[in-house]
Amino acid sequence: MYQGPVVLCSASKYKEKYYLNPDFNKLPDQVKQELQITCVLFTEEVGGVILLCFDEEGNLYIETEADEDDILYDEIGAHLLIKRMQSEKKELFEQLEQYYAAFFLEG
């Protein structure tokens with residue numbers, strides 16, 4: 001049964017809000033704080049919206065999007081920042097994938 005992607009967390013420069021999927025409330029507070037800081041700093045730097053999601057196989061991936069008329073959104077900067085985040089947060093992201101596999105994936 002295909003569930004589609006599952007959003008772990010997101011932040012929006014437009015709404016100036018951070019969202020953590022309530023299904024992940026049992027993550028350690030330190031992890032939740034690190035996710036919030038990472039997402040909020042991302043949107044402060046490049047604008048738009050960032051989403052951290054799990055695909056149907058439990059792989060964590062990062063999406064970013066912006067309103068079509070947002071001339072302040074830095075698409076190149078967003079791509080570079082995502083690459084840097086994936087490198088700097090590699091251990092955290094791997095642990096989140098393990099957590100997701102243990103608690104959310106069947107089999």
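Atoms considered below: every heavy atom in the structure, side chains included; atoms not considered: hydrogens, waters and symmetry mates. Bear in mind the structure is a predicted one, so any value in this text is a computation, not a measurement.
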Handout entry: Side-chain heavy-atom pair Leu52, Ile50 within 4.5 angstrom cut-off
Key = yes
Side-chain donor-acceptor pairs of residues 68-83 under 3.5 Å, sequence neighbours excluded:
{"unit_1": "Asp70", "atom_1": "OD1", "unit_2": "Leu72", "atom_2": "N", "d": "3.0"}
{"unit_1": "Asp70", "atom_1": "OD1", "unit_2": "Tyr73", "atom_2": "N", "d": "3.2"}
{"unit_1": "Asp70", "atom_1": "OD2", "unit_2": "Tyr14", "atom_2": "OH", "d": "2.6"}
{"unit_1": "Tyr73", "atom_1": "OH", "unit_2": "Thr64", "atom_2": "OG1", "d": "3.0"}
{"unit_1": "Asp74", "atom_1": "OD1", "unit_2": "Ile76", "atom_2": "N", "d": "3.4"}
{"unit_1": "Asp74", "atom_1": "OD1", "unit_2": "Gly77", "atom_2": "N", "d": "2.8"}

Sequence neighbours left out, cut at 3.5 Å: what donor-acceptor pairs do the side chains of residues 36-43 make with other protein atoms?
{"unit_1": "Thr38", "atom_1": "OG1", "unit_2": "Glu34", "atom_2": "O", "d": "2.7"}
{"unit_1": "Thr43", "atom_1": "OG1", "unit_2": "Val40", "atom_2": "O", "d": "3.0"}

Problem - ring-ring contact (aromatic ring centres under 6.0 Å, His included) contacts touching residues 16-39 (sequence neighbours left out) - result: Phe24-Phe54, Phe24-Phe104
Handout entry: Rounded distance [0.5 Å steps], CD in Gln30 versus CG in Leu35
Key = 11.0 Å
Problem - Under 3.5 Å: donor-acceptor pair, side chain of Glu63, backbone of Leu51 - result: no
Completion exercise
Sequence neighbours excluded, the answer for side-chain contact (heavy atoms from CB on, under 4.5 Å) partners of Lys17 is Lys15
Problem - Side chain proximity check, Lys90 to Glu94, heavy atoms < 4.5 angstrom - result: yes
Exercise for the section: To the nearest 0.5 Å, tell me how far Leu96 CG sits from Leu27 CG. Expected result: 6.0 Å
Practice task
Answer with yes or no whether the hydrophobic clustering places Met85 together with Leu60; edges join I, L, V, M, F, W, Y residues whose side-chain heavy atoms lie under 4.5 Å apart.
Solution key: yes
Exercise for the section: Report yes if the side chains of Lys32 and Leu20 come closer than 4.5 Å at any heavy-atom pair, otherwise no. Expected result: yes
Fill in the blank from the handout: Contacts of Glu57 meeting side-chain contact (heavy atoms from CB on, under 4.5 Å) (sequence neighbours excluded), chain-then-number -> Asp55, Asn59
Problem - Residues in ring-ring contact (aromatic ring centres under 6.0 Å, His included) contact with Tyr99, at least two apart in sequence or another chain - result: Phe103
Problem - Shared hydrophobic cluster for Val7 and Ile62 (ILVMFWY, side-chain gaps under 4.5 Å) - result: no
